[in-house]
Amino acid sequence: MGSRGTAGLPANITHLTQGARTRGGIGESTLRPDGTLKVTGEFAYSSDMWHEDMLWGQILRSPVAHAEIVSIDTAEALAVPGVYAVMTYDDLPTDVRHYGLEIQDTPVLAHGRVRHHGEPVAIVAADHPETARRAAARIRVGYRELPVITDEASATAPDAVLLHEDRTDHHAAHVPHPNILHRQPIVRGDVAEARRRADFVVEGEYVFGMQDQAFLGPESGLAVPAEDGGVDLYIATQWLHSDLRQIAPVLGLPPEKVRMTLAGVGGAFGGREDLSMQIHACLLALRTGKPIKIVYNRFESFFGHVHRHPATLRYEHGATRDGRLTHVKARIVLDGGAYASASPAVVGNASSLGVGPYVVDDVDIEALALYTNNPPCGAMRGFGAVQACFAYEAQMDRLADAVGMDRVEFRQLNAMSQGSVMPTGQVVDSPAPVAELLRRVKAMPLPPERQWESSEGVDVRQLPGGLSNTTHGEGVVRGIGYAVGIKNVGFSEGFDDYSTARVRMEVVGGEPVATVHTAMAEVGQGGVTVHAQIARTELGVTRVTIQPADTRVGSAGSTSASRQTYVTGGAVKHACELVRERVLELGRRKFGPYHPAWATAGLLLEGGKVVTDAGEALADLADVLGDEAVEIEREWRHRPTEPFDPRTGQGRGHVQYSFAAHRAVVEVDTELGLVKVIELACAQDVGKALNPLSVIGQIQGGTTQGLGIAVMEEIVVDPRTAKVRNPSFTDYLIPTILDTPTMPVDVLELADDHAPYGLRGIGEAPTLSSTPAVLAAIRDATGLELNRTPVRPEHLTGTDTGT
Amino acid sequence: MDFLRPASWEEALAAKAEHPTAVPIAGGTDVMVEINFDHRRPEYLLDLNRVGDLYEWEVGEDRVRLGASVPYTRIMEDLRAELPALALASHTVASPQIRNRGSVGGNLGTASPAGDAHPALLAAGAEVEAESVRGSRRIPVDDFYTGVKRNALAPDELIRAVHVRRADGPQQYAKVGTRNAMVIAVCAFGLALHPATRTVRTGIGSAAPTPVRATVAEDFLNAALEEGGFWDDGQAVTPSVARRFAELCAAACDPIDDVRGTAGYRRHAVGVLARRTLNWAWEEYRGARRGTEGAA
């Protein structure tokens with residue numbers, strides 16, 4: 001790892017490298033500045049903001065999934081004392097009345113029609129949140145209900161109502177039906193020919209339920225009208241500049257008059273990529289001339305952001321007698337819900353990563369997203385690769401069984417490695433240690449059997465059912481399952497995915513200080529810690545100030561796609577390098593004549609000094625800088641990608657790939673169908689762990705989120721009405737600490753030479769393989785097929801057909 | 001919404017008499033959820049937090065008088081020996097924070113079929129002490145639940161305490177949820193052996209419109225145990241008896257399909273829980289019997 005430990009060697013033998021002597025730099029587990037505040041409850045989240053004279057905004061949402069709006073009467077609501085404004089579609093100030101990440105198909109407020117349960121119809125501002133709620137309830141909306149479109153059959157039926165008529169978006173021309181939002185085939189080789197070579201063919205259909213990001217801090221923000229006619233918006237989001245691009249045109253303001261600052265973000269996981277209350281708060285602030293606060297409660301939050309796409313996946317895999325994959329044919333249908341959100345990119349991921357981390361020459365994959373009246377779906381950790389991994393890993397187990405091979409060995413035999421070719425034709429040109437990751441999780445010691453037994457009797461906390469005391473060991477069977485996945489890092493398919501960093505270096509109180517300013521949304525991933533580490537390493541200083549993220553600096557892109565450490569981290573590194581060059585240039589000008597090393601030696605910044613690569617100190621940074629501040633703002637880009645061919649899916653679509661493998665050990669009460677995940681071991685290649693503690697945190701967090709969709713998390717939508725049945729944490733269950741298993745983590749650091757420090761984006765990969773590993777373990781324990789996730793007790797006990 | 005804050009039990013009864021629609025609130029773990037979700041908007045809230053004796057309990061010769069507001073945490077920690085099934089049930093209630101506030105009185109007042117305490121109360125045998133300005137009465141818990149979220153209280157009555165029979169034998173409680181902690185019951189089952197009367201009582205939660213006893217199953221089991229001389233010779237319950245008992249418990253359910261589980265699963269799971277809890281309780285009884293004999 002790097003070149004640490006050179007300090008004690010004779011100066012004439014070795015060369016120092018930048019940052020090697022500075023403490024708190026990359027590779028150390030420096031602690032998060034917000035950590036203590038968060039665990040002690042003192043951190044200020046976006047919902048904690050307050051402004052004098054502020055009003056509260058409230059959204060009126062549709063109680064039905066699909067209807068024409070025949071009338072809206074706001075008179076009674078406006079008459080409520082304390083109400084300052086009620087706005088509907090007709091009150092929008094400009095002709096720009098729709099927004100969207102990629103396709104602007106989402107109305108700011110419903111226009112003549114609602115397309116999903118919970119769609120915003122009107123907004124209210126009042127002097128008290130309760131007043132706002134009551135006033136919203138007095139808005140009279142007449143709905144004429146329309147038939148609901150809930151699946152592929154109803155979406156593409158001959159007489160199907162079109163979710164969006166007269167589509168003009170860039171996918172409209174190539175989709176087979178207007179209710180299909182986007183479709184991406186990936187075709188390589190000849191599947192029909194390859195199938196003839198297969199000794200074993202396994203087919204399966206898999207169903208993936210709708211998962212919620214379930215971030216703990218609900219959507220919230222504060223919009224403050226400004227004297228110049230603009231607005232200042234304090235907001236919890238994943239990408240300030242993307243919000244800005246969508247907000248400003250609706251308000252009729254130039255972007256510079258919409259000034260955005262990141263407020264405390266209570267988790268995101270993709271659910272804050274789309275706008276929620278941003279435009280509504282700004283509209284009400286500009287209308288009333290008063291600051292507007294909006295905070296969703298948990299119920300509203302379930303309607304306030306997109307979810308993970310539920311999916312139906314049909315797969316056919318073939319293998320030869322000696323265990324080589326011959327072909328993969330797949331059809332992945334994702335339910336995008338009523339509006340586009342990030343669905344097209346999710347389709348791109350599901351299709352291009354649909355085979356998994358395996359070498360297969362003959363592939364025929366089709367992924368598509370539907371427009372339906374179900375809740376809109378979009379970004380969530382894992383982003384299309386999660387659903388595919390659940391299905392292809394189940395297939396790999398079944399195929400291994402058919403061939404008669406060990407399931408891990410079968411995967412290893414077909415595993416991709418550096419130099420392998422993806423089904424898109426893209427060559428994987430950095431380490432891809434898939435077989436090694438599997439070897440490592442398999443080699444970890446297994447947790448002991450019957451851990452619930454102790455000298456004092458039975459510890460029910462160690463058993464399925466936990467404290468509910470449902471078993472003392474009766475019916476409990478252990479199962480073990482393995483899975484591995486592949487996730488892309490960064491924005492793909494030709495997207496100009498850049499980040500901006502502004503770095504300043506100056507002397508404060510006699511000490512050199514670096515200031516890093518980016519618009520990166522810290523959503524809990526630890527980016528602020530990493531930026532400070534990079535600045536210390538690159539500039540050799542101890543003190544680093546991280547400026548609040550806002551739109552006074554250029555875009556940092558989204559905190560998604562496992563990209564922030566790579567891209568904004570890369571931008572900070574790049575800006576720091578330029579600052580360092582300029583500081584050295586200053587030093588050469590001031591002190592060059594006095595020491596020949598200024599001209600001849602390699603120069604570094606270490607410990608607040610300019611030093612030669614042989615370790616000789618030439619000057620204090622304080623003297624070099626004097627009263628001058630060096631400040632540089634730069635955009636930084638990773639290697640460009642290109643779009644997938646719309647017919648064949650060929651193209652260098654992805655920036656980097658990320659791999660993780662899991663072994664799940666579960667214990668299942670086979671009579672009651674209750675599951676206790678005992679252990680989820682993970683091995684992941686992270687390229688370079690900039691902050692090892694944060695790396696472990698990300699891996700364990702992603703693993704737990706994958707466990708959630710395996711055994712409990714699901715938004716249940718009524719297929720008859722398309723209405724959400726469980727919008728609360730009472731009935732949408734997420735894992736508690738008792739459901740969270742031991743999670744040993746084995747971290748590999750194989751550098752990707754194309755990435756800053758060799759790092760690899762890490763946040764999403766563990767979310768992929770966790771779910772299929774748990775499912776495989778439950779199958780191992782029960783012998784059941786289990787083609788659906790999450791697994792419910794009904795599925796394990798054959799009681800899922802009601803009375 | 002008016003917030004009434006009586007300083008004593010007498011004031012509380014007077015307030016309830018004056019405002020029969022007033023909703024009593026103690027821990028608030030049910031009432032506040034309903035208000036926050038806008039499911040109800042009572043005209044009056046009757047705050048019982050200042051009525052101190054509602055937080056007290058007395059252990060009598062054969063009954064425990066449990067004040068209506070005694071939180072689950074106290075039952076878990078202080079009444080394990082006297083009220084084993086209720087203590088186990090208390091352990092399954094939500095989170096520590098909720099257990100510090102929630103109480104059996106609240107469970108009874110809400111009378112949700114999913115209330116965690118009900119199966120334990122039914123199995124142990126209990127009476128609800130209801131009082132109004134008109135006087136006090138004891139309602140057997142078997143007669144207390146009258147419908148989904150409805151109970152036998154008159155509009156002017158408040159729950160003062162619940163009188164639970166002290167355990168005279170082993171008791172068990174088990175609850176199924178789709179998470180290993182902090183979960184609302186998909187179904188629940190309470191079982192109590194009463195060696196003094198040579199009876200077994202049961203309670204089923206979340207598997208019918210109200211909490212219910214499986215009386216047919218109890219009758220079958222009581223007869224089988226009596227006829228086989230099980231109480232005396234301490235033999236193990238034969239698998240066929242346990243199986244039949246479980247079937248009859250399942251048959252006592254009248255469940256629905258909802259977002260938490262299917263009716264079919266609930267019926268199935270109640271049967272499994274009935275068989276298991278009977279075995280656990282009976283094995284404990286046998287063990288205790290052997291222990292007594294050994295000592296004698």
Side-chain angles (χ1 to χ4, degrees), chain A residues 130 133-134 137 297-299 458 460-475 669 671-677 708 711-714 716 718 724-740 790-803, chain B residues 1 33 35-39 41 76 85 87-95 99 114 116 172-190 246 253-273 275-277 279-280 283-284:
Chain A
E130 191 59 28
R133 262 196 291 278
R134 290 178 171 211
N297 60 20
R298 180 56 55 187
F299 177 87
V458 168
V460 290
R461 290 172 304 179
Q462 305 287 340
L463 281 160
L467 289 171
S468 296
N469 188 39
T470 48
T471 177
H472 295 172
E474 297 94 332
D669 180 338
E671 282 188 293
L672 285 176
L674 300 178
V675 177
K676 168 101 175 159
V677 181
V711 294
M712 62 181 84
E713 292 188 39
E714 183 176 13
V716 181
D718 188 322
V724 177
R725 294 181 66 199
N726 57 340
S728 75
F729 277 169
T730 304
D731 286 314
Y732 183 89
L733 300 181
I734 52 178
T736 69
I737 193 67
L738 197 61
D739 301 282
T740 308
V791 175
R792 299 175 58 87
E794 287 89 336
H795 305 136
L796 299 177
T797 51
T799 53
D800 53 338
T801 48
T803 46
Chain B
M1 187 158 47
V33 172
I35 290 174
N36 286 336
F37 273 88
D38 229 359
H39 289 166
R41 187 66 53 163
M76 273 164 58
L88 284 168
S90 302
H91 225 115
T92 75
V93 174
S95 61
R99 293 197 288 269
D116 291 317
Q172 279 292 343
Y173 178 90
K175 158 175 144 184
V176 169
T178 34
R179 180 160 72 182
N180 288 314
M182 258 177 76
V183 69
I184 290 193
V186 173
C187 61
F189 193 81
C253 300
D254 181 17
I256 54 165
D257 286 330
D258 66 15
V259 74
R260 292 174 194 147
T262 62
Y265 176 73
R266 287 187 160 99
R267 204 175 273 125
H268 164 79
V270 163
V272 174
L273 296 181
R275 178 161 45 78
R276 289 183 183 174
T277 52
N279 282 332
W280 300 335
E283 285 308 303
E284 191 186 332

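Letters go in sequence order (proteins before strands), and every chain restarts at 1.
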Validation row: Glu283(B), His472(A) side chains within 4.5 angstrom (heavy atoms):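 No, every pair of side-chain atoms sits at 4.5 Å or beyond.
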Within a strict 4.5 Å, meaning less than it, do heavy atoms of the Leu733(A) and Val183(B) side chains meet?
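When only atoms from C-beta onward are counted, Val183(B) and Leu733(A) do touch, with a gap below 4.5 Å.
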Is it the case that the side chain of Arg260(B) and the backbone of Asp731(A) share a donor-acceptor pair, with hydrogens and angles ignored and the cut-off at 3.5 Å?
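Not a single qualifying donor-acceptor pair exists.
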#### Entry: Under 3.5 Å donor-acceptor, Tyr265(B) side chain and Leu672(A) backbone
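Side chain of Tyr265(B) to backbone of Leu672(A): a pair is present.
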Between Glu713(A) and chain B, with a heavy-atom cut-off of 4.5 Å, which part of the residue counts as in contact: side chain, backbone, both or neither?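 No part of it gets close to chain B.
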Item to complete: Counting only heavy atoms closer than 4.5 Å, note whether Ser728(A) contacts chain B via side chain, backbone, both or neither.
Response: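 Only the side chain of Ser728(A) comes within 4.5 Å of chain B.
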Please indicate whether Arg725(A) has more than 12 foreign heavy atoms, meaning atoms of other residues, nucleotides or ligands, lying under 6.0 Å from its CZ.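 Enclosed: over 12 neighbouring heavy atoms sit under 6.0 Å from CZ of Arg725(A).
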Taking every non-hydrogen atom, the tightest pair across [X] and [Y]:
{"X": "Lys676(A)", "Y": "Asn180(B)", "answer": "CD-ND2, 4.0 Å"}
{"X": "Glu794(A)", "Y": "Thr262(B)", "answer": "OE2-N, 2.8 Å"}
{"X": "Thr470(A)", "Y": "Ala174(B)", "answer": "CA-CB, 4.3 Å"}

- Highest number of heavy-atom pairs under 4.5 Å with chain B: which of Val711(A), Asp669(A), Leu463(A), Val460(A)?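 Highest number of pairs under 4.5 Å: Asp669(A).
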*Among Val716(A), Ile734(A), Val675(A), who wins on heavy-atom pairs under 4.5 Å with chain B?*
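Maximum pair count with chain B is reached by Ile734(A).
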Practice problem: Could you label the plane-to-plane angle of the Phe299(A) and Phe37(B) rings as parallel, tilted or perpendicular, counting under 30° as parallel and over 60° as perpendicular? | Solution: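 Plane angle over 60°, so perpendicular.
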message = Can you tell me which residue among Gln172(B), His91(B), Arg276(B), Lys175(B) is in a side-chain hydrogen bond (donor to acceptor under 3.5 Å, both in side chains) with Asn469(A)?
response =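 Output: one option passes, namely Gln172(B).
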| task | Would you sort out whether Phe729(A) and Met182(B) count as a side-chain contact (heavy atoms from CB on, under 4.5 Å), showing the intermediate values? | result | CA-CA 10 Å; Phe729(A) 277 169; Met182(B) 258 177 76; over 6 Å; no
